[in-house]
Asker: 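Can you read through this structure? Questions will come right after.
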Amino acid sequence: MPIDFAGLRQLADASAAVAAPCSCNDAALLAWQAVPLSLELDQFEEVATLVDDPFAEPTFDEFHPAGTRIDSDDAPIAPRYYPYNRSHVARCGKCGRHYLRYTEAGGYFSELRMRALRPQLLVEAAL
Ligand SMILES: [Zn+2]
């Protein structure tokens with residue numbers, strides 16, 4: 001079951017309220033990027049998913065009404081759109097901040113990407 005929008009907002013708000021310094025926050029994952037080597041994967045626990053149906057391929061459409069790009073710091077987080085519709089929510093076990101993660105699969109590689117879940121970017125946009 002994917003997390004609903006209200007639930008996602010709660011996790012984002014909880015994340016924004018964390019003030020403690022942490023290696024995950026130092027990594028400044030404002031935009032999507034490959035998970036930096038400075039972060040240990042076992043530092044994070046998956047707590048929710050945005051994947052609606054694991055047997056269906058969700059859309060590759062992106063949501064950028066203000067002209068942002070997929071790798072913009074201020075690109076909206078619209079759960080039904082790419083790549084959020086393939087993402088899981090991970091919580092840092094050290095500080096409690098939340099992140100989105102998905103695996104970008106190209107022809108010859110796959111890469112785990114990560115982005116901070118920030119409440120001011122959340123948009124509940126229908127497809
Ligand atoms: Zn952390």
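Each ligand, and each atom within it, is numbered from 1 in the order the structure gives. Note that these values count all heavy atoms, side chains included, but never hydrogens, waters or copies made by symmetry.
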Asker: Would you check if the side chain of Ser72 reaches a backbone N or O of Arg69 as a donor-acceptor pair within less than 3.5 Å?
Answerer: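 It does hold such a pair.
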Asker: Less than 2.8 Å from the Zn ion (ligand 1) is the window; count the protein N, O or S atoms in it.
Answerer: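 Count of protein N, O, S atoms less than 2.8 Å from the Zn ion (ligand 1): 4.
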Asker: Mind checking what makes salt bridge (charged side-chain N to carboxylate O under 4.0 Å, His left out) contact with Asp26, not counting sequence neighbours?
Answerer: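 Asp26 satisfies salt bridge (charged side-chain N to carboxylate O under 4.0 Å, His left out) with no residue once adjacent residues are dropped.
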Asker: If a pair satisfies ring pair (Phe, Tyr, Trp, His ring centres under 6.0 Å) and one of its residues is in residues 105-127, list it, with sequence neighbours excluded.
Answerer: none
Asker: Side chain of Asn85, backbone of Thr59: donor and acceptor closer than 3.5 Å?
Answerer: yes
Asker: Charged N to carboxylate O below 4.0 Å: is that the case for Arg101 and Glu46?
Answerer: yes
Asker: Apart from Leu11 itself, what residues make up its hydrophobic cluster, given side-chain heavy atom links below 4.5 Å?
Answerer: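 ILVMFWY cluster around Leu11 also holds Ile3, Phe5, Leu8, Trp32, Val47, Leu50, Phe60, Ile70, Ile77, Tyr82, Tyr84, Val89, Leu100, Tyr102, Leu117, Leu121, Leu122.
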